[in-house]
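See structure below.
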There are 2 protein chains.
Amino acid sequence: MELRERKQKILKAVVENYIHSGVAVGSKALIEQTGLNVSSATIRNELADLERNGYLLQPHTSAGRVPTQKGYRYYVDNLIKGSNLSDRLKSHIENAIETGADAPERILSNTAQVLSKLTGMASITTTPSGINARVHKIRFVITGRHTCMAVLITSNGMVKSRLFRVEFVVTPELVSMFDKVLNEAFVGVPLKDIDRAFLQSVGASFGELSLFMADVLFAILDSVKQAMQQSINISGSTNLLFLSEYDMLGARDVLKFLSDSENVSTLLSENIKGTKVFLGKESGYYELSGSMVITTTYEIGNQTAGAVALVGPLRADYQTLISMVEYASDYASKLIGELLEV
Amino acid sequence: MELRERKQKILKAVVENYIHSGVAVGSKALIEQTGLNVSSATIRNELADLERNGYLLQPHTSAGRVPTQKGYRYYVDNLIKGSNLSDRLKSHIENAIETGADAPERILSNTAQVLSKLTGMASITTTPSGINARVHKIRFVITGRHTCMAVLITSNGMVKSRLFRVEFVVTPELVSMFDKVLNEAFVGVPLKDIDRAFLQSVGASFGELSLFMADVLFAILDSVKQAMQQSINISGSTNLLFLSEYDMLGARDVLKFLSDSENVSTLLSENIKGTKVFLGKESGYYELSGSMVITTTYEIGNQTAGAVALVGPLRADYQTLISMVEYASDYASKLIGELLEV
DNA sequence: AGTTAGCACTCAAACACCGCGAGTGCTAAA
DNA sequence: TTTAGCACTCGCGGTGTTTGAGTGCTAACT
């Protein structure tokens, strides 16, 4: 659906004015804002046209126009260009992401935090998924007479640990036996191949040892599950309650939505690669019908690993926000890369 | 401040009626509710008396009475007795706390979750503090060419790990050297004694090795910090937004308050031992002036280790809620005990 | 002295009404 | 195609009005 240049200009002006003012914008205000040399009546004709085509909406007869979801969509797709963030802002983001960043998890929780602080909205990041990773190493640490910790290190650099308890007394000899046998069995195996059936076949190969091993294997399975599962950081969801752009009930529903990690992970999993903007009902969740979601992905070693997202009101400064999300995501990605590669 | 029996009866009826109905309660309704064989005028006299003494309040002249903070206080301190929870409820709580409970952290996050689900309010638990613990063991795991994981096991059963990176290439020999030297230096040392100064003295004793050790020591310091710090689970804070007892702005402030872990940890740290109920402003935070907080502590090996708390509106069924919090806390405590002792 | 019936009084909540002003759509002329 | 002019619409804020629940007070009763 193409729009004439003048219509584009007017639509852009309506959206941007509305984004900043929050009130329906009328024909008069648009004269100066667009710089067009026409009367208010002409603008009104164009506005009526845009409304007929579904880009704008009148809240009530005697009010100005407000963008519809379709209007925002057109604006986001055609009318904005990447803004360049100030150097100050960039280095602020960098610093915040770096502080105390000893592991990917920390980097990503920092990322969510700084985005939510800067935008005043809610930010979500997912830790790298281990879905394509393999077992790099398994280690065991004795933690008590009957307790042990299994440490799983994956090829994509995630470290997951799981305590477990066994009937017998754990001795250093036993543990180094675990270590040897299990590393032989597991190193290099893709995580997604490790399931109950696989464990059973491994267990069987141990012969009479396998009785000892049941608890150990279970602990490993659990760590593998942990490593496959993306964990989710949500930061600043409370912010939404304080935004004037939301009515309180709308924000409340968004929080409800975000508090269920099931929802969040399916929302973000739709995003294969690159940046996307979901506007209102496009996401498919009625709780988000008054919200927009900006999602982008980050990569580790040329492979999409996780997502960085921002959730906020439909009435938002898309231009800046998209740039910020992308910048933060890229930087986090770079940092994780450095952490793991070397 | 003692109250005559009839006044007590009336106060109790007002509180309980108000808790359930949410509207100011008038003299007529109290006749049947108290079972007192008096007229409404008599009740009115008593009500006026209770109001003069600060237990009740009239929202406006032509309305019934509502409990004040002082009224709730008297009710909680003198007018309720521990209710016995149904067996069904008890076993529900037990099951929920047990599932997947491989570590204290998990038990406590389960505890927060089940309490928030059952009450529809927000629940907080803190993981055991390592403030009185000692180093039980330190282990190292090679995770990459230049990266390592330090695993700290404390005397109170907490396991904290920290990745770190070093300039040189980590070899098994180096790591077993770390292991040996550092365990000699650290095992049995109280966590709270481990600070920069301590590390420096340890480092110095290594002589020329100490150059190698800087990063390692730093990683240990960080794990120790982690182990000393209670981490906080908050579950169900979004619930508060859906409670009719709150006006939305009140709930919003509570959420804001809860989202700052600084606030939460000082709130809970006031509680040395046993159950306490903070009503409204008693907590000292204006954000909680419309809320009540029930806190109790759990113990590990006869030592207070952490807190279990519930945050909700002032208008709440204290009798049941207190019982639930205490029951859940006791059960979690028992479970952690079992997990660690054996 | 405590209790009660009766009554005048108060005040929040719900509802209707009204004037304003911003902004519109339409029409007829340029 | 654009424009000036004009009648029209409707949300918003402010102002009565009514209703009803619940009170405090007083004077009589036990």
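A, B, ... follow the sequence lines: proteins, then strands. Residue 1 opens every chain.
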Can you tell me which residue pairs pass the salt bridge (charged side-chain N to carboxylate O under 4.0 Å, His left out) test with a partner in residues 24-38 of chain B, sequence neighbours excluded?
-> none
Looking at residues at least two apart in the chain, or sitting in another chain, which of them share a ring-ring contact (aromatic ring centres under 6.0 Å, His included) with B:Tyr285?
-> B:Phe257
Determine whether A:Tyr72 and A:Tyr18 make a side-chain contact, defined as any pair of heavy atoms from C-beta on separated by less than 4.5 Å.
-> yes
Heteroatom pairs (N/O) under 3.5 angstrom, protein to nucleotides 13-15 of chain C:
none

Taking only heavy atoms on the protein side, list every residue of residues 15-28 of chain A lying under 4.0 Å from any atom of DNA chain C, sorted numerically.
-> A:Gly26, A:Ser27
Got a list of protein N/O to nucleotides 27-30 of chain C N/O distances below 3.5 Å?
none

In chain order, what residues pass the salt bridge (charged side-chain N to carboxylate O under 4.0 Å, His left out) check against A:Asp49, with sequence neighbours excluded?
-> A:Lys7, A:Arg52
With sequence neighbours left out, write down each residue that passes salt bridge (charged side-chain N to carboxylate O under 4.0 Å, His left out) with B:Arg6, or none if nothing qualifies.
-> B:Glu46
Residue pair B:Gln69 / B:Lys281, side-chain heavy-atom distance below 4.5 Å = yes
Can you sort out which residues in residues 38-47 of chain A have a heavy atom within less than 4.0 Å of DNA chain C? Ascending by number, please.
-> A:Arg44, A:Leu47
List in chain and number order the residues that pass salt bridge (charged side-chain N to carboxylate O under 4.0 Å, His left out) with B:Arg88, two or more places apart in sequence or in another chain; answer none if no residue qualifies.
-> none
Less than 3.5 Å apart, which donor and acceptor atoms pair up between the side chains of residues 79-87 of chain A and the rest of the protein, not counting sequence neighbours?
{"from": "A:Ser83", "atom 1": "OG", "to": "A:Ser323", "atom 2": "OG", "distance (Å)": "3.3"}
{"from": "A:Ser86", "atom 1": "OG", "to": "A:Leu89", "atom 2": "N", "distance (Å)": "3.0"}

Residue set satisfying side chain to side chain contact (heavy atoms under 4.5 Å, CB included) with B:His20, at least two apart, ordered chain then number -> none
Phosphate OP1/OP2 of C:dG25 contacted by A:Arg52 side-chain N/O (<4.0 Å) = no
Below 3.5 Å is the cut-off: list the nitrogen or oxygen pairs between protein and nucleotides 11-15 of chain D, distance only.
none

